[in-house]
2 protein chains.
Amino acid sequence: MSELDRLVIMKLSNGVEWALHSCVTLSQSREPVPAARLAELHGTPPAYLAKHLQALSRAGIVRSRAGQVGGYELTRPAAQISALEVVRAIDGDGPAYRCTEIRQRGPLAVPAERCERPCAIARAMAAAEDAWADALRRVTIADLAARIDADSEGTAMAAVSRWLAATR
Amino acid sequence: MSELDRLVIMKLSNGVEWALHSCVTLSQSREPVPAARLAELHGTPPAYLAKHLQALSRAGIVRSRAGQVGGYELTRPAAQISALEVVRAIDGDGPAYRCTEIRQRGPLAVPAERCERPCAIARAMAAAEDAWADALRRVTIADLAARIDADSEGTAMAAVSRWLAATR
DNA sequence: TAGAACTCGGATAAAGACTGTCCGAGATCA
DNA sequence: TGATCTCGGACAGTCTTTATCCGAGTTCTA
Ligand code: FES
Ligand code: FES
């Protein structure tokens with residue numbers, strides 16, 4: 001690990017990247033795709049990716065199908081799944097900034113009866129998080145697939161579909 | 001720990017809250033304030049708060065003064081210090097979403113020569129983080145102090161100044 | 001209808017980050 | 001000169017994240 005990487009503190013689980021790419025891949029297949037196939041395609045540990053897919057299943061984003069022809073598939077059209085849903089399913093739906101109410105502690109503690117409204121600092125942090133969430137809510141899995149396809153001059157998604165069909 | 005707290009995944013260090021409140025407090029004092037005094041006022045572990053104040057010192061937000069009348073003081077007027085600077089100093093200045101470039105792995109790996117531009121997914125996540133950062137960049141420590149004062153009907157900051165002077 | 005193979009699902013260890021604490025180096029004042 | 005107070009980085013404990021495994025359930029085949 002390089003020095004630069006060590007200075008950077010990781011705040012979001014790296015599984016978010018795998019989950020988003022997996023959703024984009026699933027949007028290109030009409031049939032269920034096994035977790036092991038997705039892991040091979042993305043070069044990730046199979047068992048760990050499966051754990052994240054389970055989280056997506058609990059969130060209602062994907063549906064699992066057991067058996068020989070089983071696997072994972074999207075429950076809704078890709079245009080109706082926002083990136084925010086995927087991130088929240090993996091990383092947790094709680095706020096990143098958690099107010100401990102330290103204003104109610106110490107010699108100058110504010111009485112609880114005056115703390116009906118959140119602290120001004122907590123309000124500012126919550127507003128920033130809302131802006132972050134809104135930016136992600138406006139992007140759908142279909143948008144991401146289209147952009148990746150455009151970056152590859154319209155060859156990437158077709159290659160994915162071909163690979164999925166060939167190794168079925 | 002309650003069940004609700006366990007469901008919420010903590011992504012941001014809670015030291016961010018202590019640092020922001022400490023900066024607001026420091027903005028109300030013309031003289032250096034020792035870390036132990038700030039810890040007593042906020043009801044936090046003294047040694048751990050000191051560690052975070054050291055991080056603020058490295059970032060150039062506060063200046064430390066050793067000796068009997070030493071302590072911490074802001075290096076600039078509170079109106080020129082953004083909340084984003086404080087958050088970045090404590091939680092790290094790296095992006096929360098870290099792209100691992102998984103598109104360059106696996107059987108359908110994209111050649112590196114085609115990866116000059118970041119992945120579309122990474123771009124969307126970066127745009128969301130920019131929105132978050134912009135919201136925090138527009139808020140200064142002086143703004144937060146004014147809002148906390150307004151919430152307390154103009155008594156909070158005066159009480160802080162009085163307490164700091166009385167216990168000097 | 002019985003069998004076999006393939007899949008998901010949760011339960012189980014190892015690693016790293018955050019939390020919390022300590023004592024020494026340095027500076028100021030008497 | 002000495003004492004006292006301050007910061008600063010170095011030291012353990014706890015929790016989340018990472019990674020992995022084997023059993024339960026389902027589907028196709030003979
Ligand atoms: S008391 Fe939690 S942010 Fe002010
Ligand atoms: S390769 Fe990292 S987000 Fe697409």
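Remember, it's a predicted structure, so these values are computed and weren't measured experimentally. Chain A is the first sequence line, chain B the second, and so forth, proteins listed ahead of strands; every chain is numbered from 1.
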Using a cut-off of strictly less than 4.0 Å, decide whether [X] has a side-chain nitrogen or oxygen near OP1 or OP2 of [N].
| X | N | answer |
| --- | --- | --- |
| B:S64 | D:dT6 | no |
| B:N14 | C:dC18 | no |
| A:R58 | C:dG10 | yes |

**OP:** List for me each residue that meets ring-ring contact (aromatic ring centres under 6.0 Å, His included) alongside B:Y97, sequence neighbours excluded, and say none if there are none.
**Re:** none

Original post:
Among D:dC7, D:dA19, D:dG9, which is the nearest nucleotide to the side chain of A:W18?
Top reply: D:dA19

Rounded distance in Å - [atom1] ([X]) to [atom2] ([N]):
| X | N | atom1 | atom2 | value |
| --- | --- | --- | --- | --- |
| A:H52 | D:dA19 | NE2 | C1' | 10 Å |
| B:E31 | C:dT28 | CD | C1' | 15 Å |
| B:I90 | C:dA17 | CD1 | P | 18 Å |
| A:L56 | C:dG10 | CG | C1' | 17 Å |
| B:Q54 | C:dC18 | CD | C1' | 16 Å |
| B:R63 | C:dA27 | CZ | P | 14 Å |

Original post:
Hey, does B:A35 reach any base, or is it just sugar-phosphate, or nothing, if we go heavy atoms under 4.0 Å?
Top reply: sugar-phosphate

Original post:
Across the strands shown, which category fits B:G15 at heavy-atom distances under 4.0 angstrom: base, sugar-phosphate, nothing?
Top reply: nothing

Original post:
Does B:R76 have any salt bridge (charged side-chain N to carboxylate O under 4.0 Å, His left out) partners at least two apart in sequence or in another chain, and if so, which?
Top reply: B:E85

Original post:
Can you list the residues that meet the salt bridge (charged side-chain N to carboxylate O under 4.0 Å, His left out) rule with A:D134, with sequence neighbours excluded?
Top reply: A:R137

Listed pairs under 3.5 Å, donor-acceptor, residues 107-128 of chain A side chains, sequence neighbours left out:
{"from": "A:R123", "atom 1": "NH1", "to": "A:P118", "atom 2": "O", "distance (Å)": "2.8"}
{"from": "A:R123", "atom 1": "NH1", "to": "B:D151", "atom 2": "OD2", "distance (Å)": "3.2"}
{"from": "A:R123", "atom 1": "NH2", "to": "B:D151", "atom 2": "OD2", "distance (Å)": "3.2"}

For a quick test of your reading: what N or O donor-acceptor pairs under 3.5 Å do the side chains of residues 38-59 of chain B make, sequence neighbours left out?
{"from": "B:H42", "atom 1": "ND1", "to": "B:L38", "atom 2": "O", "distance (Å)": "2.7"}
{"from": "B:H42", "atom 1": "NE2", "to": "B:T25", "atom 2": "OG1", "distance (Å)": "3.4"}

Original post:
Base, backbone or nothing for each nucleotide of nucleotides 20-30 of chain D, written B, S, -, heavy atoms under 4.0 angstrom, 5' to 3'?
Top reply: BB---BBSS--

Original post:
Would you say the side-chain atoms of A:S82 pair up with the backbone N or O of A:V139, donor to acceptor, closer than 3.5 Å?
Top reply: no

Subject >> side-chain contact (heavy atoms from CB on, under 4.5 Å) evaluation trace for A:E73 with A:S29 >> reply: CA-CA 8 Å; A:E73 60 187 350; A:S29 173; over 6 Å; no

